[in-house]
Amino acid sequence: MEKRELVYEGKAKRLFATDDAELLISEFKDDLTAFNGEKKSSESGKGALNNKISAELFKLLESRGIPTHFVEMIDANHMLHKRVDVILIEVIVRNIATGSLSRNLGIEDGKVLPFTLVEFDYKNDDLGDPKLNDQHALILGLVDFQDELDKLRRMARQVNEILKPYFAEKRLNLVDFKLEFGKDSQGNIILADEISPDNCRFWDMETGEKMDKDRFREGLGGLKIAYEEVLNRILGSK
Ligand code: 5GP
């Protein structure tokens, strides 16, 4: 599959057209950003780790009946996937309180939530990704129908029901994560973007150590070692 013109450059990926109008190539970058782009850095090898971790998780989810945009990993930094119309809603799934949930609502950091929380953020850098309720999403025209919002929530919960026990077996707590969805050429809602330590929080079950982008957000260091460890645990017992 030939890599053609750049169609979009995001903070962590570049998107390229291919010779098939329905397929795109994502190039995973080594760049790191946090706090809506205010903190920036780069870590050699990070893009390849996220590409591989995402590929493994998309394959797992597909095998369990979740439709995704994933087609194949092309090489270390490139993934071939379906072209979708991105739905500008970040679907946040939380099992344990931390991050913005603890900051905004004063819920104790590390508290196991009584049930899985699913939230929507508006994917809009200029506005700083504000929280959305269903009416906001419909007024903004981010989806056409309430049914589609219900479907996003349902699919996000299904992803959590697969990934939470999967990572527990690998002695990682899946604390929270962000999913993005899109509509394929037939209008079906499918999982898109990436699933990696850039957009998930993983805490080691024994030590509580953070194994995700919070290492960068909080200046803890050791980001690449942590991402490598996540990948090794994924590959360890496939
Ligand atoms: P929080 O709202 O606590 O900052 O983030 C909740 C979860 O969603 C975390 O796993 C975080 O990595 C992910 N997340 C939320 N917003 C974004 C975003 O704009 N970019 C990325 N990469 N992850 C996000």
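In what follows, residues are counted from 1 in the order of the sequence shown. Whatever order the structure lists them in is the order used to number ligands and atoms, beginning at 1.
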### Message
Taking NZ in Lys40 as the centre, count heavy atoms belonging to other residues, nucleotides or ligands within less than 6.0 Å. Is the count above 12?
### Response
no
### Query
Does atom CD1 of Ile225 have more than 12 heavy-atom neighbours, drawn from other residues, nucleotides or ligands, at distances under 6.0 Å?
no
### Message
For Cys200, which part has a heavy atom under 4.0 Å from ligand 1: side chain, backbone, both, or neither?
### Response
backbone
### Message
Counting only heavy atoms closer than 4.0 Å, does ligand 1 sit against the backbone of Glu90, its side chain, both, or neither?
### Response
side chain
### Query
With a cut-off of 4.0 Å, which atoms of ligand 1 are near a heavy atom of Asp198?
12 (O), 21 (C), 22 (N), 23 (N)
### Message
Regarding ligand 1, does Arg103 bring an N or O atom to under 3.5 Å of one of the ligand's N or O atoms?
### Response
no
### Task
Could you check which of Glu194, Glu180, Lys178 puts a non-hydrogen atom nearest to atom 13 (C) of ligand 1?
Lys178
### Task
Evaluate side chain to side chain contact (heavy atoms under 4.5 Å, CB included) for Asp125 paired with Lys11, printing each intermediate quantity in order.
CA-CA 11 Å; Asp125 283 343; Lys11 290 191 284 259; 3.0 Å; yes
### Message
Run Leu15 and Leu6 through side chain to side chain contact (heavy atoms under 4.5 Å, CB included) and show every step you take.
### Response
CA-CA 6 Å; Leu15 272 182; Leu6 180 72; 5.8 Å; no
### Query
Is any side-chain N of the basic residue among Arg83 and Asp184 closer than 4.0 Å to the acidic one's carboxylate O?
no
### Message
Heavy-atom distances under 4.0 Å decide this one: backbone, side chain, both or neither, for Ile92 against ligand 1?
### Response
side chain
## Note on the structure
The closest protein heavy-atom partner of atom 10 (O) of ligand 1 is Asp176 OD1, 2.7 Å
### Under-4.0 Å heavy-atom contact with ligand 1, by part of Arg217 that carries it
side chain
### Query
Relative to ligand 1, is Asp129 under 4.0 angstrom through side chain, backbone, both or neither, heavy atoms considered?
side chain
### Centroid-centroid under 6.0 Å between Phe58 and His69 rings
yes
### same_hphob_cluster(Phe145, Leu142) at 4.5 Å side-chain heavy-atom cutoff
no
### Message
Any nitrogen or oxygen of Ser100, side chain or backbone, less than 3.5 Å from one on ligand 1?
### Response
yes
### Query
Within a reach of under 6.0 Å around CD of Glu22, are more than 12 heavy atoms found that belong to other residues, nucleotides or ligands?
no
### Task
Find all atoms of ligand 1 within a distance of less than 4.0 Å from any non-hydrogen atom belonging to Gly99, and give their numbers and elements.
3 (O)
### Query
Relative to atom 6 (C) of ligand 1, which among Lys131, Lys213, Arg201 owns the nearest non-hydrogen atom?
Arg201
### Task
Look at ligand 1 and say whether Arg94 reaches it with a heavy atom at a distance under 4.0 Å.
yes
### Task
Run the numbers for me: atoms of ligand 1, each under 4.0 Å from some heavy atom of Phe177, listed by number.
8 (O), 10 (O)
### Task
Following the transitive rule for hydrophobic clusters with a side-chain heavy-atom cut-off under 4.5 Å over Ile, Leu, Val, Met, Phe, Trp and Tyr, establish whether Leu152 and Val159 coincide in one cluster.
yes
### Task
Identify the heavy atoms of Asp30 and Ala48 that sit nearest to each other, and give their distance.
OD1-N, 4.4 Å
### Query
Has ligand 1 got any nitrogen or oxygen that is less than 3.5 angstrom from a nitrogen or oxygen of Asp121?
no
